[in-house]
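Working notes, structure below.
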Amino acid sequence: MNHAKTPLNRLFEARLATGEASWFSLPGGAALFEAGEVADHIYLLHTGRLGAFRPDQTHEPQFLGVIRPGEPAGEMSVISGAPHSGHLVALRDSEVYALPREDFLLACEADPALLTEVARLMIQRSRQATSKTSPGEPSVYGFLPVGTALPLRPMIEQMAAEIIRLGYSVAVIGKEGERASREWFSTQERDHDFVLCFAEADEGRWQRLVSGQVDRLFRVGRGDSPPPEDGRLSPTDPLGSRNLVDLILVHEPETERPVGSEAWMLSTGAGRLFHLRRDHDGDLQRIVRGLTGQSVGLVLSGGGARAYAHVGVIKALRERGIPIDFVGGVSMGAVIAAGLAMGWNDTELDTRIQQAFVRSSPLDDIAFPMLAMTRGRKVAKLLLNHFSDTQFADLWLPFFCVSSNLTTGAYHVHRRGLLRDALRASISLPGILPPATLGNDVLVDGAVLKNFPVDVMRASQLGPIIGVDVSRGRSITASDIIRPASMLKWILTGQWRKGPPIVSVLMRAATVSSGRDILAARDASDVLVTPDVGGVEIRDWTSYGPAVEAGHAAMIAALDKLTLPVMDLRRRPSRAVTPAQD
């Protein structure tokens, strides 16, 4: 599209000539406006790039997308008369035109074509907020070395080849772009689906230029070397201040597990971490899927023993060759998702879950109920046995889990620190397991406040999300809470290992999602899976087989209903024009 010929662009050109519109420079990192501010101007981006963010009280503001040259900003609030609903920030040095709201509304009254254009744009952006694709997604990525030097060009060229294989066009720009004009860069962005800019270790000036030309930046370091004392970019760097800097750690092919990655996160201040083993196509393809919006996220709900169904879901996805790139979960779903992030294959996942939960109930260390019905020592021991001292940053896949903070009254998203401590908090059902603590805060099972955190996953990745909810099966009935007729028989038959009937009441009460939460999760999920686990009692830790089968069957059925591959559910259109469209 030639933006200069649209009614909106013609309006700004005319008003700039008469002095009614103004021009100003917006430095990278500066806010054009903040959420809640009065919308007294409509803006048009002339050069540079703006990032839109939605505020969130419980975790990092959600990155919504970018605004490119020739596109307006703030039009919805100007038309509606409402305050701005989000933040708009310059991702690089930008030039912006501004027109007062009153002048703009008068122009709309005089020119119906102008109002039609703005209305069409508003409708388009509103639909994009919930649609499967968005043209506002990042398309220009930068790669800069950090720490011990390693050549970047071979890796970037491999990424470019993979992007082309996925059906997109890509431009790779190295130091040869150092003396190029801003217009040349704009042409590369306009003519290609993706642009990959990179600078080597000895290209200091070009490194600074790269960090100011991209929508999102990746720092690349060697996983077998220590991080620099301070690997951050400039404190005023707009990408770093908006959590748009990620880290790639490169490992040797034989690396069994990353070690010391948390120190790299602290040094660089990166928002996300990706591990890349040399000559490991799967790791490279995972990063490329993240760049192109085709990465697959998997979110697993809590649900006691019913969460065994998640094991069947994972098996079905692997059978169908569906990649899993990001994982997250709550309570028992978090434990299984963490195993996936550890890199456990089907056999290891199956064996470890059965060892930890099926062969010996995790809730049979009954205690005098001062804080809970169990001591929690058995759960702590099994988490130590299976997850050791692994840090979040040393997981092969990006992973999060959720707990409920009773001190603040909000849910808490765990992404950093010791994995087993976070899992211990996420599965601490009130009244059953003693709560965990984080400083002075008291943490309990994430299911209490957010049992199906698909929206948390959506805030951290652009690709399709598979959400698996096992909390929507048959609830407990009167037969589940009958007092044992004989306490002796209850003990001798081993039924006591499930815990008394009150356990079912507490577990079910903690995992009941509100109608609003279910609707929100459905909206954020691209594939919603609800295994039929009504026949599995929530505290029956021996019902492994039926639950796994239910999860497997539900996932296969959901995949069979799709008309597109999972990775293509949010596929953005390519700029390439096919002969049939000429």
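- Leu276 places a side-chain heavy atom less than 4.5 Å from the side chain of Ile287.
- Partner of Asp526 under the side-chain contact (heavy atoms from CB on, under 4.5 Å) criterion, chosen from Val296, Val566, Leu569: Leu569.
- Distance check, rounded to the nearest 0.5 Å: CG of Leu26 to CG of Asp93 gives 8.5 Å.
- In this model, no donor atom of one side chain and acceptor atom of the other lie less than 3.5 Å apart for Asp350 and Thr347.
- Ring-plane geometry between Phe274 and Phe218 is classed as tilted, the angle between the planes lying from 30 to 60 degrees on a 0 to 90 degree scale.
- In this structure, Tyr141 and Val170 have side chains that are not in contact, with every pair of non-hydrogen atoms separated by 4.5 Å or more.
- Ring orientation note: the planes of His275 and Trp396 are nearly perpendicular, at an angle over 60° on the 30°/60° scale.
- Across all their heavy atoms, Leu397 and Leu340 have their closest contact at CD1-O, 4.0 Å.
- One finds a salt bridge joining Arg49 and Glu189 here, because a Lys/Arg side-chain nitrogen approaches an Asp/Glu carboxylate oxygen to under 4.0 Å.
- Between Lys315 and Glu319, none of the side-chain N atoms (NZ, or NE/NH1/NH2) sits under 4.0 Å from a carboxylate O, so this pair counts as no salt bridge.
- Of the charged side-chain nitrogens involved, at least one lies within less than 4.0 Å of a carboxylate oxygen, so that Arg153 and Glu176 count as a salt-bridged pair.
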- Task: Verify salt bridge (Lys or Arg N to Asp or Glu O under 4.0 Å) between Asp283 and Arg286, making sure each step is shown before the conclusion.
- Result: CA-CA 5 Å; Asp283 291 346; Arg286 177 175 298 113; 3.2 Å; yes
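- Of all heavy-atom pairs spanning Arg570 and Ala524, the tightest one is NH2-O, 4.4 Å.
- For Ser426 and His414, the side-chain atoms include no donor-acceptor pair closer than 3.5 Å.
- Remark: the His251 side chain and the Arg277 side chain contain no N/O donor-acceptor pair separated by less than 3.5 Å.
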- Test log, rule side chain to side chain contact (heavy atoms under 4.5 Å, CB included), inputs Leu418 and Asp389: CA-CA 7 Å; Leu418 192 61; Asp389 291 327; 4.2 Å; yes
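- We find that Asp193 and Arg572 are not joined by a salt bridge, their nearest charged nitrogen and carboxylate oxygen being 4.0 Å or further apart.
- Gln461 and Ser295 share a side-chain donor-acceptor pair at under 3.5 Å.
- The cationic group of Arg289 does not satisfy the cation-pi geometry with Phe326, failing either the under 6.0 Å distance to the six-membered ring centre or the 45° limit from the ring axis.
- Ion pairing between a basic and an acidic side chain is recognised when a charged N comes within 4.0 Å of a carboxylate O; Asp246 and Arg219 show no such pairing.
- Between Ser301 and the choices Asp469, Val468, Val529, the side-chain contact (heavy atoms from CB on, under 4.5 Å) rule is met once, by Asp469.
- Formation of a donor-acceptor pair under 3.5 Å by the Arg272 side chain with backbone atoms of Ser460 is found in this model.
- Taking the charged nitrogens against the carboxylate oxygens, Glu200 and Lys175 have no contact shorter than 4.0 Å, which rules out a salt bridge.
- Across all non-hydrogen atoms, the minimal contact from Arg208 to Ser211 is O-OG, 2.9 Å.
- A donor-acceptor pair under 3.5 Å links the side-chain atoms of Ser267 to the main chain of Gly231, judged by distance alone.
- In plain terms, the two heavy atoms of Gly70 and Leu44 that are nearest each other are O-CD1, 3.7 Å.
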- Query: Please walk me through it: do Arg257 and Asp394 pass salt bridge (Lys or Arg N to Asp or Glu O under 4.0 Å)?
  - Reply: CA-CA 7 Å; Arg257 183 164 308 287; Asp394 291 328; over 6 Å; no
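- His552 places no side-chain N or O within 3.5 Å of a backbone atom of Val548 that could act as its donor or acceptor partner.
- Residue Val172 comes nearest to Ile156 through the heavy atom pair CG1-CG2, 3.9 Å, listed as atom of the first residue, atom of the second, then distance.
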- Message: Working note: Arg571 + Glu137, criterion salt bridge (Lys or Arg N to Asp or Glu O under 4.0 Å); need CA distance, chi angles, decisive distance, verdict.
- Response: CA-CA 11 Å; Arg571 181 184 176 91; Glu137 294 174 347; over 6 Å; no
